[in-house]
Amino acid sequence: MDSSPLQIVWFKCDLRLYDHPALATATVAARGPVLGLVVFEPSLWALPDASGRQAAFYADSLHDLLRAARAADLPIMVETAEMPELLNRLRCSMGSFVLHSHEETGNWASFQRDRAVLAWCREHHIPWHQVPQNGVVRALGSRDDWSRLHDARMSASVLAPPRFTALPARVGGRLPDARSASAEEAALRPWRVLADTDPCPGRQQGGRERGLELLRTFLAGRGASYRFHMSSPGTAEQSCSRLSAHLAWGTLSVREVLHAVWQARSQWQLDNSHPQQRSMLASLKSFESRLHWRCHFMQKLESEPELEFRCLHPATRGLRNEGEPTALDTARLEAWQEGRTGFAFVDACMRYLASTGWINFRMRAMLTSFASQHLWLHWKLTGEHLARLYTDYEPGIHWPQIQMQSGTTGINTIRIYNPEKQRQDQDPGSEFVARWVPELGTATYPTPIVDHLAAAHLARDRLWGLRKDTESKDAARQIFQKHGSRNPACEGVSRSRASVTASPVVTDSSIGEQQTLDF
DNA sequence: AGTGCAGTTGACTTT
DNA sequence: TAAAGTCAACTGCAC
């Protein structure tokens with residue numbers, strides 16, 4: 001009998017060695033040798049929310065991970081297979097092992113995959129240790145406890161990369177020689193092949209080294225203009241942290257980013273003579289707040305994975321066409337996807353996103369609002385399209401945000417963005433529109449496909465109309481109890497009244513959260 | 001000079 | 001940085 005069984009660390013959306021709790025628990029003293037495992041799962045990459053640009057970012061990141069692992073003497077096996085069949089194969093060839101991974105708040109399919117893996121592990125008496133890597137709490141009892149649990153996770157120390165011991169020959173001999181460049185290219189091939197199907201000329205590069213560089217420049221001063229430049233699509237690209245894809249694919253951990261923010265803050269606090277001190281301290285504060293909100297939103301999908309395909313508030317189910325799209329739906333969907341709605345700013349944003357794989361938060365909200373409210377398309381279809389376009393697609397942020405901007409959560413105020421007002425506010429000089437919709441003003445540019453004022457009015461009436469009856473309000477209260485933020489500054493309370501009365505009054509029109517990721 | 005009035009601004013509410 | 005609506009206070013101008 002082997003007294004120290006093989007410890008397999010299954011890398012999922014956590015492509016790093018630093019601050020990697022699953023790797024740390026696998027390497028604590030008295031355990032066996034450690035083997036990394038990265039799996040290209042064809043069924044998951046074929047889903048309608050997956051795309052080539054995400055695969056490309058993953059490949060970049062895996063490249064960095066394999067290099068770092070070589071330097072640290074951690075062998076990593078890269079496989080193309082479905083789980084749990086792969087685990088079965090590994091058990092046959094290598095014998096029993098212990099499996100380690102991070103808790104994942106992914107899409108429904110990844111959740112089902114994890115259930116299958118859990119069933120397989122139980123059947124074969126393979127221990128599977130799943131540990132958290134962010135502020136999302138699995139099996140959360142009450143939202144009242146969440147903030148405390150989140151803060152405790154985030155304030156714990158970051159974990160140094162562990163030291164590894166040599167693999168026994170029975171395992172090591174079966175690994176491909178990952179030291180050669182051609183072997184590494186072969187390992188990355190499934191992701192690269194998929195990437196080639198999705199041209200994205202402005203795509204952000206993946207890999208931990210790039211992520212660290214973005215973090216460094218943002219904290220060292222690039223973030224000074226963050227608060228005033230994040231809302232316009234023309235300036236956000238440089239002023240935002242651009243860490244979203246790195247957090248989504250785990251080349252950086254949210255905790256290490258947070259600790260870096262705290263360290264930068266104490267440095268900036270000392271630098272009284274620096275002209276950017278004030279703006280940097282303000283930026284760091286709002287950036288930290290967003291990291292908190294990031295986990296807050298992901299917690300919603302963790303607690304209710306059906307958010308990916310079912311309207312949260314029961315009264316909003318069936319509001320938009322959930323069946324076979326009509327001819328009108330299809331025409332509108334295609335116009336929106338292809339950036340030819342006749343609303344130049346909306347079209348410019350969609351084309352920019354398609355070309356770069358990223359757009360700032362506010363414009364994501366506008367694109368969603370336009371599809372759901374003005375075009376009255378069901379959010380599942382449009383949400384899948386946006387998911388594919390986002391290199392930084394994070395299911396736990398995406399689906400709760402999509403539902404929020406579509407007015408189907410019941411606990412958030414209805415936000416219908418006016419595409420003309422947004423153009424005025426965010427692109428007053430029309431530089432952004434001119435760059436991405438150069439044919440504007442010529443005969444080839446379409447006329448608007450809807451009367452946006454009338455469409456917004458109709459959407460407002462429909463959504464507010466649903467909230468009037470008592471049953472609907474009761475449902476909203478229950479949703480708030482399960483998912484709502486307990487931050488007093490964000491309650492559905494009129495702030496002026498809350499500040500002057502002993503017991504703030506919750507108005508009927510504002511049960512729940514008033515906060516978005518953008519504020 | 002003070003009054004009347006259209007138009008603007010800002011705080012606040014409603015959808 | 002949701003947008004639209006309401007209302008009161010203010011402003012600039014004409015008379």
Side-chain angles (χ1 to χ4, degrees), chain A residues 225-237 239-240 279 282-283 285-287 289-290 293 313 315-316 319 343 345-346 348-349 359-376 379 400-430 432-433 448 450-470 472-473 476 485 489-501 504-519:
Chain A
S225 54
Y226 181 59
R227 286 194 312 160
F228 298 111
H229 285 176
M230 73 164 85
S231 292
S232 161
T235 53
E237 187 174 318
S239 301
C240 287
S279 54
S283 291
K285 187 177 172 188
S286 71
F287 181 64
S289 163
R290 275 176 187 73
W293 280 97
H313 194 294
T316 64
L319 189 61
F343 292 90
F345 192 53
V346 172
C349 287
I359 196 165
N360 59 323
F361 180 86
R362 188 170 190 78
M363 296 306 103
R364 295 186 190 208
M366 184 188 70
L367 287 171
T368 302
S369 164
F370 192 81
S372 292
Q373 316 295 11
H374 296 91
L375 303 183
W376 207 244
W379 53 264
Q401 281 292 331
I402 291 281
Q403 287 221 33
M404 191 168 120
Q405 301 298 347
S406 304
T408 55
T409 65
I411 63 168
N412 305 101
T413 195
I414 312 289
R415 290 170 196 275
I416 302 176
Y417 289 72
N418 180 327
E420 297 301 342
K421 180 177 182 295
Q422 290 299 315
R423 179 183 176 177
Q424 286 287 321
D425 293 349
Q426 309 305 334
D427 188 31
S430 294
F432 186 77
V433 163
V450 286
D451 175 340
H452 81 92
L453 290 176
H457 191 81
L458 184 58
R460 236 188 308 277
D461 280 358
R462 283 165 161 169
L463 288 168
W464 283 109
L466 292 174
R467 297 193 172 197
K468 286 190 171 26
D469 66 283
T470 317
S472 176
K473 287 173 190 169
S485 167
C490 306
E491 279 169 5
V493 173
S494 166
R495 285 177 209 186
S496 57
R497 294 186 59 179
S499 61
V500 296
T501 58
V505 180
V506 178
T507 61
D508 282 344
S509 62
S510 61
I511 297 163
E513 297 178 339
Q514 298 299 303
Q515 203 73 52
T516 69
L517 276 174
D518 173 62
F519 52 90

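Bear in mind the structure is a predicted one, so any value in this text is a computation, not a measurement. Chain letters run A, B, ... following the sequence lines, proteins first and then strands; every chain starts at 1.
Seen from the ring of A/Trp464, A/Arg467 counts as a face-on cation partner, given the 6.0 Å and 45° thresholds.
Under the 4.5 Å side-chain criterion, counting only non-hydrogen atoms from C-beta, A/His313 is in contact with A/Ser472. At least one side-chain heavy atom of A/Gln426 sits less than 4.5 Å from a side-chain heavy atom of A/Pro233.
Look at CG on A/Asn418: it is 5 Å from P on C/dA4, rounded to the nearest Å. Atom CZ of A/Arg227 is separated from atom P of C/dT1 by 13 Å (rounded to the nearest Å). Rounded to whole angstrom, the span from the CG atom of A/Asp461 across to the P atom of C/dA4 amounts to 13 Å. Here C/dT1 presents its P atom at 8 Å from NZ of A/Lys421, a figure rounded to the nearest Å. Residue A/Met363 contributes atom CE, which lies 11 Å from atom P of C/dA2 at whole-angstrom precision. Spacing between atom CD of A/Gln426 and atom C1' of C/dT1 amounts to 6 Å, rounded to whole angstrom units. Rounding to whole angstrom units, CG of residue A/Asp425 and C1' of C/dA3 are separated by 11 Å. A/Trp464 has its CH2 atom 13 Å from the P atom of C/dA2, to the nearest Å.
Here the options are A/Val346, A/Asn418, A/Val433, the test is side chain to side chain contact (heavy atoms under 4.5 Å, CB included), and the partner is A/Arg423; only A/Val433 passes.
Residue A/Ile414 is classed as a base contact, given a heavy-atom separation below 4.0 Å to a base. When heavy atoms are screened at a 4.0 angstrom cut-off, A/Leu466 is found touching no nucleic acid atom at all.
Taking atom P on both B/dG10 and C/dT1, the two are 13 Å apart, rounded to the nearest angstrom.
Close to C/dA3, at under 4.0 Å from its OP1 or OP2, lies a side-chain N or O of A/Gln422. One finds a side-chain N or O of A/Arg415 lying less than 4.0 angstrom from the OP1 or OP2 phosphate oxygen of C/dA2.
By the 30° and 60° cut-offs, the orientation of the rings of A/Phe432 relative to A/Phe345 is perpendicular.
Among the nucleotides C/dA2, C/dA4, C/dT1, the one closest to any side-chain atom of A/Ser231 is C/dT1.
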